[in-house]
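Structure, as structure tokens:
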Amino acid sequence: MKIYKIKLLLLLIFLSSKLFARQVTEINPDLLRRPWTAKWIAFPENTNTEFGVYLFRKEISIETKPQKFIIHVSADNRYKLYINGIYVCNGPARSHTFKWNFESVDISSYLHEGKNIISAIVWNFAGHRPLAQITGQIGFIIQGNSKDESIVNTDTSWLVVKDSAYKPISVNINQYYVAGPGEEFHCEKHPWNWMKKDFNTLGWKQAREVETGKPTGCMGEWGDPSLHLLSQRQVPFMEEKNQRFFKIRRSDINNIPEGFLKGNVPVTVSANSKVKILVDQNELTTAYPVLNFSKGKGSTIKLTYAESLFDSNGNKGNRNEIENKQIMGNYDLIISDGGNNRIFQTLWWRTFRYIELEIETKNEPLVLNDFYSVFTAYPFEEKATF
């Protein structure tokens with residue numbers, strides 16, 4: 001009985017310590033009918049309509065860990081929100097400029113006494129954006145639900161930098177294509193560790209205030225309409241969970257250990273070499289690929305995604321078969337800077353069964369530490385059977 005109680009106590013401690021993004025519907029009624037005190041903010045040195053990826057950051061200090069801390073957050077085109085370097089959520093849910101969604105989240109579990117860092121990566125795919133992505137102009141907004149929570153409100157106290165590591169890769173296929181671009185990511189241009197408390201923000205700029213946040217409930221009552229009339233999200237967050245690849249179907253590297261796809265054993269790609277590794281998820285999925293790698297300065301890593309491989313006539317045939325077939329599809333490209341434990345995760349999810357890693361190294365070996373993906377979809381539990 002004593003052992004059982006100890007195990008139960010440890011389980012409760014583990015569950016209570018887990019961080020999670022809790023979507024809420026609670027909102028100050030004034031935020032649905034009056035202009036917000038928060039401003040839409042943007043990078044100050046562009047027109048806010050071209051392609052760009054931007055990093056926003058604000059330091060706040062709180063005396064005691066709160067029991068509840070509700071914020072309302074949105075962006076154009078999209079954002080990923082982090083508290084103290086921990087991923088919280090992404091959004092907004094798709095909508096249109098006269099009903100632009102914002103997410104309401106209780107972030108109290110992420111906060112602690114003292115200094116906290118609120119950060120977000122915000123991007124605008126501009127002319128490369130998916131067909132379904134409506135846009136006004138790039139911007140980011142957070143509004144605290146009450147006076148106490150207003151310390152996070154977006155204004156000129158927020159810092160921002162343009163992340164020049166990203167470039168769009170146009171998708172050129174002989175089909176009707178409505179999704180977004182691939183991503184070219186130059187590691188040496190990215191400000192690694194930018195979410196940490198002790199990160200040096202020298203060179204970062206004060207955010208520019210674009211306009212006051214306005215909900216749909218104040219349209220026509222408070223001057224000109226906003227580029228984004230804000231409305232609280234009505235659908236749940238998309239599901240997100242880590243998933244492991246099923247197996248390696250072929251590789252130019254002999255005897256890749258099984259532990260690699262489990263995240264236990266790294267794989268080293270020799271200097272001055274070219275290799276391909278074909279990974280199979282075993283079923284079609286929608287997910288964010290995540291690659292952790294080290295060293296290999298100047299190496300290029302191309303990730304190509306496909307539902308099936310193609311034969312010499314451009315036919316798919318049996319999706320399980322790969323013999324004498326090649327991969328064709330949209331792709332991402334990573335250029336390593338030689339650092340340790342670099343992590344690349346796509347901004348937007350990819351659809352695939354197969355991913356081919358095409359790697360070319362320079363004068364230094366490249367170490368692949370881990371490769372997996374984060375599954376995402378709207379929550380759907382299958383209950384019926386035939």
Side-chain angles (χ1 to χ4, degrees), residues 23 27 31-32 35-36 38-43 46-56 71-81 89-105 120-143 154 160 162-163 166-171 173 175-183 207-220 222-240 286 288 330 346-351 376-378:
Q23 184 180 8
I27 187 169
L31 298 179
L32 295 175
W36 290 6
K39 311 292 184 183
W40 281 93
I41 58 174
F43 186 69
N46 62 8
T47 62
N48 295 329
T49 57
E50 71 270 20
F51 174 91
V53 180
Y54 304 91
L55 311 179
F56 290 87
I71 64 171
H72 312 289
V73 54
S74 189
D76 182 351
N77 297 158
R78 297 193 60 81
Y79 72 88
K80 290 183 180 180
L81 178 69
C89 65
N90 72 69
R94 286 264 171 77
S95 51
H96 54 86
T97 55
F98 281 87
K99 189 181 179 183
W100 194 268
N101 283 320
F102 63 85
E103 283 70 40
S104 299
V105 185
I121 180 169
V122 177
W123 65 91
N124 185 346
F125 281 155
H128 301 273
R129 68 183 184 274
L131 184 64
Q133 181 64 61
I134 294 172
T135 182
Q137 66 175 34
I138 194 168
F140 177 59
I141 190 167
I142 291 182
Q143 170 70 55
T154 44
V160 61
K162 184 173 183 177
D163 192 347
Y166 289 91
K167 289 183 179 180
I169 299 175
S170 297
V171 178
I173 57 176
Q175 297 175 11
Y176 182 57
Y177 183 79
V178 298
E183 299 164 22
R208 175 169 65 90
E209 294 181 358
V210 178
E211 62 174 343
T212 299
K214 293 181 181 179
T216 55
C218 74
M219 181 179 179
W222 306 91
D224 294 333
S226 170
L227 280 172
H228 308 90
L229 286 169
L230 294 159
S231 179
Q232 191 174 36
R233 180 179 183 139
Q234 298 298 305
V235 296
F237 282 130
M238 294 180 74
E239 179 184 352
E240 293 182 68
T286 52
Y288 298 92
N330 61 319
T346 55
L347 296 174
W348 192 235
W349 49 267
R350 306 288 185 243
T351 302
T376 185
Y378 277 105

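- Here the side chains of Y288 and L347 are not in contact, with every heavy-atom distance at 4.5 Å or above.
- Scanning both residues, N77 and W100, for their nearest heavy atoms gives O-CZ2, 4.3 Å.
- Looking only at distances, a side-chain donor or acceptor of W36 sits under 3.5 Å from a matching main-chain atom of L31.
- Shown here are the side chain to side chain donor-acceptor pair (under 3.5 Å) partners of T216, two or more places apart in sequence or in another chain: there are none.
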List the steps, then state whether side chain to side chain contact (heavy atoms under 4.5 Å, CB included) holds for L32 with I27.
CA-CA 8 Å; L32 295 175; I27 187 169; 3.7 Å; yes
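- For the atom pair H228 NE2 and S95 OG, the distance stands at 9.0 Å (nearest 0.5 Å).
- A perpendicular orientation is assigned to the rings of F51 and H128, their planes being inclined by more than 60° (bins at 30° and 60°).
- The ring-ring contact (aromatic ring centres under 6.0 Å, His included) check on Y54 picks up F43, with sequence neighbours excluded.
- Counting only distance, with no hydrogens or angles, the side chain of Q143 and the backbone of A38 share a donor-acceptor pair below 3.5 Å.
- In this structure, K80 places its NZ atom where more than 12 heavy-atom neighbours from other residues, nucleotides or ligands lie under 6.0 Å away.
- A pairwise comparison of heavy atoms in S74 and W40 identifies OG-CH2, 4.1 Å as the closest pair.
- At a threshold of 4.5 Å between non-hydrogen side-chain atoms, the residues F237 and Y378 do not count as touching.
- Using modelled atom types, no side-chain atom of E211 and backbone atom of E209 make a donor-acceptor pair closer than 3.5 Å.
- Between the S231 side chain and the N101 main chain, no donor and acceptor come within less than 3.5 Å of each other.
- For the side-chain hydrogen bond (donor to acceptor under 3.5 Å, both in side chains) criterion with E103, the lone passing option out of H72, R233, Q23 is R233.
- Of the possible donor and acceptor atoms, one in the side chain of T154 sits under 3.5 Å from a partner among the backbone N and O of I142.
- Checked against ring-ring contact (aromatic ring centres under 6.0 Å, His included), Y79 has no partners two or more places apart in sequence or in another chain.
- Across every non-hydrogen atom of T212 and P35, the tightest pair is CG2-CB, 3.9 Å.
- In terms of heavy atoms, I41 sits closest to V210 at C-CG2, 4.2 Å.
- Counting only heavy atoms from C-beta outward, the side chains of N90 and M238 never approach each other to under 4.5 Å.
- Counting all heavy atoms, side chain and backbone alike, L227 lies closest to T97 at O-CB, 3.2 Å.
- When all heavy atoms of P92 and R78 are compared, the pair lying nearest together is O-NH1, 2.9 Å.
- The shortest side-chain heavy-atom distance between F125 and P168 does not fall under the 4.5 Å cut-off.
- D76 is not listed as a side-chain neighbour of I138, based on a closest heavy-atom distance of 4.5 Å or more.
- Checked by atom type and distance alone, the side chain of R350 pairs as donor or acceptor with a backbone atom of W348 at under 3.5 Å.
- The side-chain heavy atoms of F102 and I141, taken from C-beta on, include no pair separated by under 4.5 Å.
- A heavy-atom distance below 4.5 Å is found between the side chains of Y177 and N330.
- The NZ atom of K99 lies 12.0 Å from the CG atom of L229; values are rounded to the nearest 0.5 Å.
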